[in-house]
Structures are given as C-alpha cells and as structure tokens.
Trainee: 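Here it is, the structure, as structure tokens.
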Amino acid sequence: MNSTIETRVLNTYTDMKLVQKLEKDVWNMEPIPLHQTITASQNGGLLLGAFLNEEMIGFSYSFPGFCKGQSYLCSHMLGIHPSHQEKGVGARLKQAQKELAREMGYDLITWTYDPLETRNAYLNLSKLHAICSTYVENCYGEMEDNLNRGLPSDRFKVEWWIDSSHVSKQHKDSINQAQHIFQWETTKNHLPKLMNIEQSLHNIAVMDKPLLVPVPANFQQVKSKDNALAIDWRFKTREIFQTLFSQQYVAVSLIKNANELVHYYVLVKQQNLERSRIKSES
C-alpha cells in the first residue's frame, strides 16, 4: 500500500477543505476554522496530506511554538481515515514531517497524546523515538468526541529531537533490564485492572533501573465495557507517571504484547538516556 501513497504539503483553500472533511470523518467533531490552518501554513507551520489515488486519507497539522528561547514545531493533529488506519500512514506522515521540519530550521517537534491509547504510544515512542517526561492533567478539558468523551483529557507531551542520536536508536538494553513493579489482574469481564500502586510508588525513590508501567492494550474496549474501570486506569496511571517524571524518569518506548490484555511503557532515568542534543523543557 505504501508504494501508492503520496505525501505533499497542503497550503491552498481546497487543501484545507479536504482537511476539514477528514477531521469530521476521524473524530466526528467541528473542524479547525480554515482561516486558522491557512494562516498557520503561511507563518512557519506545516500541513501535510497523505493521498491514495488522489483521495486524502490522512493529514498532519502543525504550527510554530516558542518557549524560553527555544523554537519548535507544535504537531497539533494527526488524523487517518478509519478505513486506512493501522497501515503505516501515520508513520509515513511523521517521517515526511521530520524531513520538512528540518529543512525549515526546526530541530524539535512536540505534540500531545493520550498515554492510555497504545496505538499512538507505539508510533510515537517505539517507532519514531520521541520521548516524554511531561504529564498534563485534563489538557483540553471535557471533550465530546467519540474517543475522549467521559474522561479527563490527560495527555503526554512528547519531545521529538529530530537531530538526536536517540531518534535512530532502540533501547534494547533498557527493555531487557526493565523491572515490573506495578501489578495487574483480570476482572470477571476479562478486562485488565491495575492493582494497588501505593507501595510501588513508595519504592520508586530508591530505584535506578528501567521500569515497566502496564496500560490497557485496548483502552477504548475497557471504556466501552466498564467506564468506572477506565476512570480507575486514568487516575492510577496519572499518579504513576507524575511520580516517575518527578523522579527524573523518561518514557522511551512501548512494548506490545499480542496475547496479553496490557502493553508496557519502558521508562529510564534521564541521566542514563544516551542522547545527543536531547534537552528538557521545564
């Protein structure tokens, strides 16, 4: 499929109308106003489309950001048509974004995603090699789209240092050394449930090895079958990640387990992260 996909920069009124249509198809919500996307594209932003036989099946939308002397590209949206998800379209768009952002003079791209959505986690951390040490509570407030309705919109803010050695490196040693300190069990409805986390959180302060944090393999399934359990995952993992990040841990990858109800984040101490030009935002 990838051989027939074309990615190209979007900058016309017609392009932005196609983006709006795809936004509705993906999230079933009101799209970003055209005047916003057009203005962003003309002022340091970058919009890309993925086309299959001249039909737009995916897009990315980013705009320039600046904080404490550091300029970067804010990658705000990545949407793939439901009929073309899980086919590598998102990764293809991100790679094109990386190359064009570098040509535009950026060395950092940031974006947010729900840490309990493992499809996004695997793409962002394991395939693209972004990192995360920032957890934002209820980032966008109460959202009414199909994926987010009914839960606080907590987000990871990831950093993708596109010129760093980390982007071209896997953390196999960290994965092999990582420890399980958070336990989970299976409910009567065959859903994963995170057990008591207090003792494990207490032990983090004296640990230095890489750690594994379980998250549901299919969070939307958990949410649809047991919303109270989904909320439990949200608040427990919020506490876990905020504690780990405060102890200088960084999320670097996600391990997928095809036959298990959970996947695992891998977190390493920041000082143990091999890197070149990877910096931390405060």
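If you're wondering where the values come from, they're calculated on a predicted model, not measured in any experiment.
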Trainee: Quick one: sort the Y135 and F156 rings into parallel, tilted or perpendicular, breaks at 30° and 60°.
Mentor: perpendicular
Trainee: How long is the gap from CG on N227 to CG on L151, to the nearest 0.5 Å?
Mentor: 5.5 Å
Trainee: For a 4.5 angstrom cut-off between non-hydrogen side-chain atoms, does Q247 reach M207?
Mentor: no
Trainee: Apply side chain to side chain contact (heavy atoms under 4.5 Å, CB included) to residues I5 and K87 and explain how you reach the verdict.
Mentor: CA-CA 11 Å; I5 293 176; K87 298 179 181 179; over 6 Å; no
Trainee: Within the 4.5 Å heavy-atom criterion, are E260 and P214 side-chain neighbours or not?
Mentor: no
Trainee: Rounded at 0.5 Å granularity, tell me how far CD1 in I57 sits from NE2 in H81.
Mentor: 9.5 Å
Trainee: List the steps and the verdict of side chain to side chain contact (heavy atoms under 4.5 Å, CB included) for N11 and L47.
Mentor: CA-CA 7 Å; N11 50 31; L47 286 94; over 6 Å; no
Trainee: For W111 and L78: C-alpha separation, side-chain torsions, deciding distance, then whether side chain to side chain contact (heavy atoms under 4.5 Å, CB included) applies.
Mentor: CA-CA 10 Å; W111 63 92; L78 178 69; over 6 Å; no
Trainee: Count the heavy atoms of every other residue, nucleotide or ligand shown that sit under 6.0 Å from CZ of F66, and state whether that count exceeds 12.
Mentor: yes
Trainee: Test side chain to side chain contact (heavy atoms under 4.5 Å, CB included) on W233 and K223; report intermediate values, then the result.
Mentor: CA-CA 10 Å; W233 273 102; K223 184 179 171 183; over 6 Å; no
Trainee: If you define the side chain from C-beta out and look only at heavy atoms, does anything of V266 sit under 4.5 Å from L212?
Mentor: yes
Trainee: Do E86 and R119 come within less than 4.5 Å of each other through their side chains, counting heavy atoms only?
Mentor: yes
Trainee: Should the pair Y61 and F63 be assigned to parallel (<30°), tilted (30 to 60°) or perpendicular (>60°) ring geometry?
Mentor: tilted
Trainee: Can you see which heavy atom on S253 is nearest to which on L125, and at what distance?
Mentor: CA-CB, 3.7 Å
Trainee: Are V222 and P192 packed together at the side-chain level, in the sense that at least one heavy-atom pair is separated by less than 4.5 angstrom?
Mentor: yes
Trainee: Going by the side-chain contact (heavy atoms from CB on, under 4.5 Å) test, name the single residue among I181, I197, V215 that passes it with I240.
Mentor: I197
Trainee: If you round to the nearest 0.5 Å, how far is CE of M104 from CD of Q97?
Mentor: 10.0 Å
Trainee: Look at E99 together with R102 and state whether they make a salt bridge at an N to O cut-off of under 4.0 Å.
Mentor: yes
Trainee: For residues K24 and M29, report the shortest heavy-atom separation together with the two atoms involved.
Mentor: CG-O, 3.6 Å
Trainee: Can you find a pair of side-chain heavy atoms, one from P216 and one from T118, that are under 4.5 Å apart?
Mentor: no
Trainee: Can you give me the closest heavy-atom contact between I255 and H263, atom names plus distance?
Mentor: O-CB, 3.2 Å
Trainee: Y113 and V158: which non-hydrogen atoms are nearest, and at how many Å?
Mentor: CE2-CG1, 3.5 Å
Trainee: Using the rule that two of Ile, Leu, Val, Met, Phe, Trp, Tyr join whenever any of their side-chain heavy atoms come within less than 4.5 Å, decide whether M195 and L229 are in one cluster.
Mentor: no
Trainee: Looking at CG of L191 and CD of E185, how far apart are the two atoms once the value is rounded to the nearest 0.5 Å?
Mentor: 11.5 Å
Trainee: Above 12 or not: heavy atoms from other molecules or residues under 6.0 Å from CD of E30?
Mentor: no
Trainee: Taking side chain as C-beta onward, heavy atoms only, is V250 less than 4.5 Å from E159?
Mentor: no
Trainee: Can you list every pair that meets ring-ring contact (aromatic ring centres under 6.0 Å, His included) and has a residue in residues 180-211, with sequence neighbours left out?
Mentor: H180-Y264
Trainee: How close do T7 and A96 get, heavy atom to heavy atom, and via which atoms?
Mentor: OG1-CB, 4.0 Å
Trainee: Do L128 and L123 come within less than 4.5 Å of each other through their side chains, counting heavy atoms only?
Mentor: yes
Trainee: Is K193 salt-bridged to D232, cutoff N-O under 4.0 Å?
Mentor: no
Trainee: Could you give the distance from CG (L48) to OG (S62), rounded to the nearest 0.5 Å?
Mentor: 7.0 Å
Trainee: Quick one: do Q95 and K98 satisfy side chain to side chain donor-acceptor pair (under 3.5 Å)? Show the steps, please.
Mentor: CA-CA 5 Å; Q95 292 297 338; K98 179 178 73 171; 3.3 Å; yes
Trainee: For Y106, enumerate each residue passing the ring pair (Phe, Tyr, Trp, His ring centres under 6.0 Å) test, keeping only those at least two apart in sequence or located in another chain.
Mentor: none
Trainee: Tell me, please, whether F51 has R8 positioned over its six-membered ring: NZ or CZ under 6.0 Å from the ring centre and within 45 degrees of its axis?
Mentor: yes
Trainee: Do R234 and D114 meet the salt-bridge criterion of a basic N to acidic O distance under 4.0 Å?
Mentor: yes
Trainee: Around atom CG of N43, are there more than 12 heavy atoms from other residues, nucleotides or ligands closer than 6.0 Å?
Mentor: yes
Trainee: Taking all non-hydrogen atoms of both residues, which atom of W160 and which atom of K94 are closest, and how far apart?
Mentor: CH2-O, 3.3 Å
Trainee: Going from NE2 on H84 to CG on D25, what distance comes out if it is rounded to the nearest 0.5 angstrom?
Mentor: 10.5 Å
Trainee: Please check if I204 and F235 belong to a single hydrophobic cluster, counting links between Ile, Leu, Val, Met, Phe, Trp and Tyr side chain heavy atoms closer than 4.5 Å.
Mentor: yes
Trainee: May I ask you to check whether Y249 and Y265 place their ring centers less than 6.0 Å from one another?
Mentor: no
Trainee: Could you state whether L267 and V136 fall into the same hydrophobic cluster, counting links through intermediate Ile, Leu, Val, Met, Phe, Trp or Tyr residues with side-chain heavy atoms under 4.5 angstrom apart?
Mentor: no
Trainee: Where do Q270 and S133 land on the side chain to side chain donor-acceptor pair (under 3.5 Å) test, with the steps shown first?
Mentor: CA-CA 9 Å; Q270 186 167 351; S133 59; 5.2 Å; no
